[in-house]
Amino acid sequence: MHHVFIVEDDPLTLQRLAEHVRAHPELDVSGLAGSLAEAREQQAALLAADVLLIDLGLPDGDGTTLIGELQHAPKPPICLVITVFGDERSVVRAIEAGARGYLLKDSDESDLTALVLRAIGGDCPINPSIARHLLKRFHSQPATDANTGITARETEVLRCIARGYNNNEIGELLGMSVHTVRSHTKNIYSKLAVGSRGEAVFEATQLGLIDLKR
C-alpha cells in the first residue's frame, strides 16, 4: 500500500482528490491539509508518505516552499504539483524546488491515481502543455554545444520523456524494448548529471538539446 499526503486549500477539491486516491486498492491517504501550516503540523505523516500531492496557491504561501523543505529529509516523498497555475515561472520554480511531476487541475481526475502510480514507479508525469513551458525559459537563448555525449537515439528518448510518456509508451513509439528504454534513460541521467525525469527535461532544454515545438 502506497501512502499519499494531499495539500489543497479548497475543501471540496481536497475531499474529491482524497476520494479518488482512496478508491484505488494500492493507494491510501496518509494525511490532508489545507495550508502549509496544517501540513507542517502533520510532519510525521508527511514524511512517512510516498507521494505528496500539493497545490501551489495556498492561503499561507506557495506550495513550492514545502517541496523545497522536504528535499532535505532523508527520504522525501515524491512531490507532485496539481494546480491551476500553468505559467512558465510557476512550472520552472516547482521543478527546480524538487517537484517530480506537474499536473493541471483541468486534467481528467480519473487519471489521477494512474499518474500517482507512474510517479511511484519512477516516471515523471507532466501535463503535455506544461512540458512546453520548460523550453520557453531558454527559447530566446541559442542552442549550445553542451558536449554531453547525448546520442541521437537518447535525444529521441528525451523528447518522449519531456512529453510525459512512460517507458512502455516510449518503447512502442520508438520501436525498442522497455529494457533498452531504461538503459537509454540511465545513460541520459549519467551524462546530464541528474537523478530524475524532471531534472533531465530541465537540463536538456536549458542546454538546447531538445525543442518541444518540433
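As a basis for the values below, the full set of heavy atoms in this structure was taken, side chains included, without hydrogen atoms, waters or symmetry mates. Quantities reported herein were computed from a predicted structural model and do not represent experimental measurements.
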Which residues share a side-chain contact (heavy atoms from CB on, under 4.5 Å) with L46, sequence neighbours left out
F5, L52, L66, L70

Apply side-chain contact (heavy atoms from CB on, under 4.5 Å) to the pair L115 and T113, showing each step before the final yes or no.
CA-CA 5 Å; L115 295 172; T113 52; over 6 Å; no

Using the test side-chain contact (heavy atoms from CB on, under 4.5 Å), find all partners of A119 that sit at least two apart in sequence or belong to another chain.
I78, L80, P125

Of all pairs that satisfy side-chain hydrogen bond (donor to acceptor under 3.5 Å, both in side chains), the ones with a partner from residues 184-195, not counting sequence neighbours
E154-K191

Side-chain touch L14/V7, heavy atoms, less than 4.5 angstrom
no

What's the shortest heavy-atom distance between A33 and Q42, and which atoms?
CB-NE2, 4.0 Å

Identify each donor-acceptor pair in which a side-chain atom of residues 172-183 lies under 3.5 Å from a protein atom, sequence neighbours left out, and give them as a table.
| unit_1 | atom_1 | unit_2 | atom_2 | d |
| --- | --- | --- | --- | --- |
| S177 | OG | T180 | N | 3.1 |
| S177 | OG | T180 | OG1 | 2.9 |

Under a 4.5 Å cut-off applied to non-hydrogen side-chain atoms, are D55 and D10 in contact?
no

When rounded to the nearest 0.5 Å, the distance separating OG1 of T155 from CD1 of I150 is 6.5 Å

Could you check if a side-chain atom of C79 sits within less than 4.5 angstrom of a side-chain atom of R100, using non-hydrogen atoms only?
no

Do the side chain of E38 and the main chain of G34 share a donor and acceptor less than 3.5 angstrom apart?
yes

Heavy-atom nearest pair, I188 first then A200, reads CG2-CB, 4.4 Å

Sequence neighbours left out, what passes side-chain contact (heavy atoms from CB on, under 4.5 Å) with A97? Give chain and number order.
T64, I67

Quick check: do H3 and V51 have side-chain heavy atoms less than 4.5 Å from each other?
no

Begin from the C-alpha positions of I161 and V201 and carry the test side-chain contact (heavy atoms from CB on, under 4.5 Å) through to its verdict.
CA-CA 7 Å; I161 290 174; V201 171; 3.9 Å; yes

What distance separates R16 CZ from L112 CG, expressed to the nearest 0.5 Å?
10.5 Å

Pair listing, salt bridge (Lys or Arg N to Asp or Glu O under 4.0 Å) test, anchored in residues 26-37, at least two apart
none

Does E156 have any side chain to side chain donor-acceptor pair (under 3.5 Å) partners at least two apart in sequence or in another chain, and if so, which?
R153

Quick one: salt bridge (Lys or Arg N to Asp or Glu O under 4.0 Å) pairs with a partner in residues 116-127, sequence neighbours left out?
R118-D123, D123-R197

Salt bridge (Lys or Arg N to Asp or Glu O under 4.0 Å) pairs touching residues 61-78, sequence neighbours excluded, are R40-E69, D62-R93

Partners passing side chain to side chain donor-acceptor pair (under 3.5 Å) against S35 (at least two apart in sequence or in another chain)
none

Checking Q43 now: which residues fulfil side-chain contact (heavy atoms from CB on, under 4.5 Å) with it, not counting sequence neighbours?
L47

Please name the pair of heavy atoms, one in A94 and one in V81, separated by the smallest distance, quoted to 0.1 Å.
CB-CG2, 4.0 Å

Nearest 0.5 Å, what's the CE-CG distance between M1 and L27?
7.5 Å

Validation row: H2, V116 side chains within 4.5 angstrom (heavy atoms):
no

Testing the basics here: between G63 and L36, what is the closest heavy-atom pair and its distance to 0.1 Å?
CA-CD2, 4.2 Å

According to side chain to side chain donor-acceptor pair (under 3.5 Å), who are the partners of D60, at least two apart in sequence or on a separate chain?
none

OG1 of T13 to CG of D9, rounded to nearest 0.5 Å, is 8.0 Å

How close do A18 and V29 get, counting heavy atoms only, and between which atoms?
O-CG2, 3.9 Å

